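Please read these numbers as outputs of a predicted model, since none were measured by experiment. Below, chain A is the first sequence line, B the second, and so on; all start at residue 1.
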Amino acid sequence: MKDSPRNANSLVILDFETTGLSPSMGDRAIEIGAVRIRDGKVIDSFQELMDPGFLVDAFIEGYTGITNDMLAEARTCEKVMKDFADYIGDDNLVAHNASFDKRFLDSEFEEIDHSYSGKFVCSMLLARRIYQDAPNHQLGTLVDYKNIPSDGNFHRALYDAEMTAQLWMRMLNDISGRVRSPAPTFEMVCKLTRTPKKMIESLLQNWQA
DNA sequence: TGCCAGGCCCTCTTTAGGGCCTT
């Protein structure tokens, strides 16, 4: 789905499945999943496997459920990422542990000589601030902690992006009711998570419970 | 299975070390 008219309230939540942890060590993306939120609702999505140009190891096959047979039929990273660049446009971006996804996004975009203007923010850093009593801050744990409906099928890109989007909207909803002390203040959350204040303000203003 | 890397954050800290989180 790529019909994506944009405005200032759009936000793309994305997740990569990859061959490993570090593009600087030669790892590549093998799947991208993303959803776009506008005015508190998911309005469209993007998902595609991509062939990294080499075989992935057994751990990654088991961890993601993405096999080498599946990737053999996929388009190349370069072709998929060109479409994904069109999809995100200038929208701001969210990911769970964003430093990881940003490294891969930057690396794959470098391969196609593309840059983007949206700001990247991290749902995990926000969750660490506002859900300090959670058992841990893994995506699956937080989904359970907030009783977000889930079938537990994590480690596929679109599903993880969808769950991150639901978690992100839940966090915004919780922040809107916790701006008074002693809970973390709104300004504190923006500063500590490096989340642009205008982004959260805009999403809160347009949040539809 | 869990290491690789790297950013964030806490503490037995700041001239550092180690856990968490992502695949």
A side-chain contact here means heavy atoms from C-beta on lying under 4.5 Å apart; do [X] and [Y] qualify?
| X | Y | answer |
| --- | --- | --- |
| Leu142(A) | His137(A) | yes |
| Phe16(A) | Ile30(A) | no |
| Phe46(A) | Leu14(A) | no |

Can you find a side-chain donor-acceptor pair between Asp106(A) and Tyr116(A) that sits under 3.5 Å?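 Their side chains do contain a donor-acceptor pair, which is all the 3.5 Å distance test asks for.
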Atom-pair distance ([atom1] on [X]; [atom2] on [N]), nearest Å:
| X | N | atom1 | atom2 | result |
| --- | --- | --- | --- | --- |
| Leu125(A) | dC10(B) | CG | C1' | 14 Å |
| His96(A) | dT22(B) | NE2 | C1' | 9 Å |
| Asn97(A) | dT23(B) | CG | P | 8 Å |
| His137(A) | dC9(B) | NE2 | C1' | 12 Å |

Please state the [atom1] separation for the pair [N] and [M] - nearest whole angstrom.
| N | M | atom1 | answer |
| --- | --- | --- | --- |
| dG17(B) | dT1(B) | P | 32 Å |
| dC10(B) | dT23(B) | P | 23 Å |
| dG7(B) | dC12(B) | C1' | 23 Å |
| dC20(B) | dT15(B) | P | 25 Å |
| dG19(B) | dC4(B) | P | 12 Å |
| dC8(B) | dT13(B) | C1' | 15 Å |

Pick base, sugar-phosphate or nothing for Asp101(A), based on heavy-atom distances below 4.0 Å to the nucleic acid.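 No contact.
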Between dA5(B), dC21(B), dT22(B), which one does the side chain of Leu139(A) approach most closely?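 For Leu139(A), the side-chain atoms sit closest to dT22(B).
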Which nucleotide, dA5(B), dC10(B), dC21(B), lies nearest any side-chain atom of Arg129(A)?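 Selected nucleotide: dC10(B).
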Side-chain-base donor-acceptor pair under 3.5 Å for Arg128(A) and dC20(B):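 When only heavy-atom distances are counted, Arg128(A) does reach the base of dC20(B) through a donor-acceptor pair under 3.5 Å.
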